[in-house]
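Working notes for the structure below.
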Number of protein chains: 2
Amino acid sequence: MAIEAPSRRRRIEDVASGLFRERGYAATSVRDIARALDVQGASLYAHVTSKEDVLWSIVDRAAARFEAAAGAAERATAADSATDRIAALVRAHVGVITSDPGEASVFVHEWRALGRERRARIADRRDAYERRFRDAIADGMASGEFALTDPAIAAAFLLTALNGLATWFRRDGRLTPDRIADHFVDLSVRTLAGAT
Amino acid sequence: MAIEAPSRRRRIEDVASGLFRERGYAATSVRDIARALDVQGASLYAHVTSKEDVLWSIVDRAAARFEAAAGAAERATAADSATDRIAALVRAHVGVITSDPGEASVFVHEWRALGRERRARIADRRDAYERRFRDAIADGMASGEFALTDPAIAAAFLLTALNGLATWFRRDGRLTPDRIADHFVDLSVRTLAGAT
DNA sequence: CCTACCGATCGGTAGG
DNA sequence: CCTACCGATCGGTAGG
């Protein structure tokens, strides 16, 4: 079975997320995106209704992928081990980033360019996502698995550390996505673990 | 002795770094900066030669502050404790961010908007700065203070975690800069520490 | 998917 | 620090 060709709309979004990652949304013009696809700027408007609409599609899909991966990670983990739960959440997060670093980077950095309403919706979803980490950290503190700390600070510390990967990851880099995930899981678990 | 009034040029840079932090460099117009200072857009050009020149001043000063703080932290720390050295580097880094989160945020996120030459110079300085962390991590691994890991990965992980503070820190937030520094030092040292 | 075009806004200059 | 203005570029539309 052949791999289905991505739709024109999807190819526009893929090219756009690469450019948005490199230069930022505001510094990327519609004509920059068109040039990368070898068409005229105005031609894109046969497929998209606005530049912000392209940004929204990328951000919304990235958010959905992070949510789905985290949900699956939590369902696959025993409820009684906060360490396992954090490890699974970290591995899922790293997987989403390395499978499409452009999309992930745009989600992390460019969602502020969205209009009021969409920005507010994404802020809520980001908060709900971060809550998974806060809750796992609080549970681990309660069970004695983790050192005592401020769960909100620790979750923000951890998540920004993970998100940094969206900036520096290169497919042709020194380490494979799996090896990077192993390192990130180790570092994350140690960040929280109590003295043994 | 009265506090010296900041120069007009400096006030422009301070307002600009706040706006660049909130919206990004590309999404902030010269007229946005002027409006925040209650003058006409063209009036700014009596004090600055270009928009990029303002960005450069902010980024260059931030870089110098990070470098000075890290240098002082290393000089004040015994050479034989990698743990103490990392703790001092982290505390210095957090101090630079909380003392001027706008400037720090622009340094972290907006340096890509600089022209080729300046961007390359900043990339070098960022690398030299990150090397302080890599070296301290490698020393701690060699002495047995730190768990075995990849120093480049661990340094990137740690520095992006620290830099996240530039995005979410608010002067009127729940925790004082000192308390945040305490948490960040604890989290950072645990991230690296070997099992006791 | 193209050519031709729109009004708005951009960074920046001239001249006072 | 202001008014007046510049050419270039922006996101987007009309009509084919």
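A note on names: the letters A, B, ... follow the listed sequences, proteins ahead of strands, and every chain is numbered from 1. Quantities reported herein were computed from a predicted structural model and do not represent experimental measurements.
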With the side chain of [X] defined as its heavy atoms from C-beta on, choose the nearest nucleotide among [options].
X	options	result
B:Lys51	D:dT13, C:dC1, C:dG12	C:dG12
A:Val39	C:dC1, D:dC1, D:dT13	C:dC1
A:Ser29	D:dT3, D:dC10, C:dG11	D:dC10
B:Ser43	D:dC2, C:dG12, C:dC10	D:dC2

By nearest nucleotide on DNA chain C, pick out whichever of B:Arg31 and A:Asp38 is the more 5' one. A:Asp38
Is any side-chain N or O of A:Ser50 closer than 4.0 Å to OP1 or OP2 of D:dG11? no
Counting only side-chain N and O atoms of B:Arg8, is one of them less than 4.0 Å from OP1 or OP2 of D:dC1?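 For B:Arg8, the contact criterion (side-chain N or O under 4.0 Å from OP1 or OP2 of D:dC1) is met.
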Between A:Arg9 and A:Ser57, does any side-chain donor sit less than 3.5 Å from a side-chain acceptor?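 Judged by distance alone, the side chains do pair up.
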Which whole-number value in Å describes the distance from [X] [atom1] to [N] [atom2]?
X	N	atom1	atom2	result
B:His47	D:dC2	NE2	P	9 Å
A:Ile33	D:dG12	CD1	P	10 Å
B:Leu19	C:dG11	CG	C1'	16 Å

Could you walk me through whether B:Asn163 and B:His93 pass the side chain to side chain contact (heavy atoms under 4.5 Å, CB included) check? CA-CA 9 Å; B:Asn163 284 336; B:His93 195 87; 2.7 Å; yes
Give me the atom names and distance for the closest heavy-atom approach of B:Phe146 to B:Ile137.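 Where B:Phe146 meets B:Ile137 most closely, the heavy atoms are CD1-O, 3.6 Å.
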Return yes if some donor-acceptor pair links the side-chain N/O of B:Arg126 with the main-chain N/O of B:Phe107 below 3.5 Å, else return no.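 Checked: pair present.
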Any strand: nucleotide that pairs with D:dG16 via Watson-Crick or wobble, under 3.5 Å: C:dC1
